[in-house]
Each structure stands twice: as structure tokens, then as C-alpha cells.
A.B. asks: 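Could you have a look at this structure, given as C-alpha cells, before my questions?
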Amino acid sequence: LAGQPLENFEWWWSEYPYKVGKLDAMKAWEQTASKHPDIEQMIAILDKQCQSNKWQKENGEFIPYPATYLRAGRFLDEL
């Protein structure tokens with residue numbers, strides 16, 4: 001993938017709590033690669049978001065699809 005290696009996507013994917021649309025998420029990762037922080041920061045942000053009330057509410061009903069998360073820049077959301 002341009003910008004960030006496939007291993008980084010796979011690491012991020014392994015941590016993402018909602019595993020749907022992997023190919024679309026991979027495409028979104030490539031499309032947004034110039035906007036995300038380094039992979040360690042992406043994982044740290046994701047860990048914090050996974051602990052948030054919104055993401056834990058209703059058994060994770062409000063966790064965005066992975067591709068949506070990336071395209072919408074949800075890694076930039078303030079907690």
C-alpha cells in the first residue's frame with residue numbers, strides 16, 4: 001500500500017474491533033495513508049476509542065465500519 005506498508009494495515013485490522021469489509025478497509029487505508037499518524041499512534045488512538053463509552057454502548061453497536069472510520073478520519077476524533 002502506498003504510504004504505509006501492508007503490515008501496518010494488518011496490525012491495525014487485527015486491533016479493530018469490528019471485522020467487516022476488509023477489502024474496502026484496505027482500500028480506505030491506502031486512500032487515507034497520507035492523513036494518518038504513524039502506526040503506533042493509530043493503535044494507541046484505537047485502544048482509547050475501544051475503551052470509550054460510545055464504542056462499548058449496546059455491545060459495540062456504535063463502532064463504525066472500518067472503512068468508514070478511516071475515510072471519515074475518526075482517528076482524529078477527540079475523546
Side-chain angles (χ1 to χ4, degrees):
L1 295 170
Q4 296 202 12
L6 180 58
E7 304 86 55
N8 287 351
F9 170 78
E10 290 296 342
W11 181 12
W12 178 83
W13 178 261
S14 73
E15 298 291 324
Y16 202 82
Y18 192 35
K19 306 265 193 290
V20 296
K22 186 173 183 177
L23 292 179
D24 193 29
M26 196 178 293
K27 183 177 178 182
W29 180 270
E30 183 177 281
Q31 291 169 338
T32 61
S34 66
K35 295 175 178 70
H36 6 116
D38 66 47
I39 187 63
E40 288 85 10
Q41 287 179 299
M42 286 286 284
I43 298 300
I45 292 165
L46 185 59
D47 287 344
K48 287 179 185 174
Q49 289 172 323
C50 286
Q51 301 302 316
S52 72
N53 289 334
K54 187 168 184 173
W55 280 33
Q56 290 188 7
K57 189 176 182 180
E58 306 289 332
N59 278 338
E61 183 178 336
F62 299 101
I63 298 171
Y65 277 39
T68 301
Y69 174 92
L70 292 166
R71 288 191 183 106
R74 298 293 302 270
F75 46 86
L76 299 172
D77 288 359
E78 292 184 25
L79 294 177

A.B. asks: Evaluate the ring planes of Tyr18 and Tyr65, with Trp represented by its six-membered ring, and classify them as parallel (under 30°), tilted (30 to 60°) or perpendicular (over 60°).
C.D. replies: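 Geometry flag for Tyr65 against Tyr18: perpendicular rings.
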A.B. asks: To the nearest 0.5 angstrom, please state how far the NZ atom of Lys35 sits from the CZ atom of Phe75.
C.D. replies: 8.0 Å
A.B. asks: Anything under 30° is parallel, anything over 60° is perpendicular, the rest tilted; go ahead and classify His36 against Trp29.
C.D. replies: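 Correct class here is tilted.
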A.B. asks: Is it the case that the side chain of Lys19 and the backbone of Trp13 share a donor-acceptor pair, with hydrogens and angles ignored and the cut-off at 3.5 Å?
C.D. replies: yes
A.B. asks: Check whether more than 12 heavy atoms from other residues, nucleotides or ligands sit under 6.0 Å from atom CG of Asp47, and answer yes or no.
C.D. replies: yes
A.B. asks: Step by step, would you call Arg74 with Thr68 a side-chain contact (heavy atoms from CB on, under 4.5 Å)?
C.D. replies: CA-CA 8 Å; Arg74 298 293 302 270; Thr68 301; 5.8 Å; no
A.B. asks: Let me confirm one number: the CD1-CG distance from Ile45 to Leu76, rounded to the nearest 0.5 Å.
C.D. replies: 7.0 Å
A.B. asks: Could you tell me whether the side chain of Gln49 reaches within less than 4.5 Å of the side chain of Ile63, counting heavy atoms only?
C.D. replies: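 Heavy-atom side-chain distance check fails, nothing below 4.5 Å.
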A.B. asks: Checking side chain to side chain contact (heavy atoms under 4.5 Å, CB included) between Ser14 and each of Trp11, Trp12, Tyr16, which is the one that passes?
C.D. replies: Trp11
A.B. asks: Taking the basic N atoms (NZ, or NE/NH1/NH2) and the acidic carboxylate oxygens, is any pair closer than 4.0 Å for Arg71 and Asp24?
C.D. replies: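 Result for this pair is yes, salt bridge flagged.
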A.B. asks: Are Asp77 and Lys48 packed together at the side-chain level, in the sense that at least one heavy-atom pair is separated by less than 4.5 angstrom?
C.D. replies: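 Side-chain contact under 4.5 Å: no.
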A.B. asks: Consider only side-chain heavy atoms of I, L, V, M, F, W and Y, link residues closer than 4.5 Å, and tell whether Val20 and Phe62 are in one cluster.
C.D. replies: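 Cluster IDs for Val20 and Phe62 differ.
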A.B. asks: Write down the atom of Ala25, the atom of Leu70, and the distance for their closest heavy-atom approach.
C.D. replies: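 Smallest interatomic distance, heavy atoms only, reads O-CD1, 3.5 Å.
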A.B. asks: Around atom CG of Leu23, are there more than 12 heavy atoms of other residues, nucleotides or ligands at under 6.0 Å?
C.D. replies: no
A.B. asks: Out of curiosity, Thr32 OG1 to Tyr69 OH, how far, rounded to the nearest 0.5 Å?
C.D. replies: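 Going from the OG1 atom of Thr32 to the OH atom of Tyr69 covers 10.0 Å.
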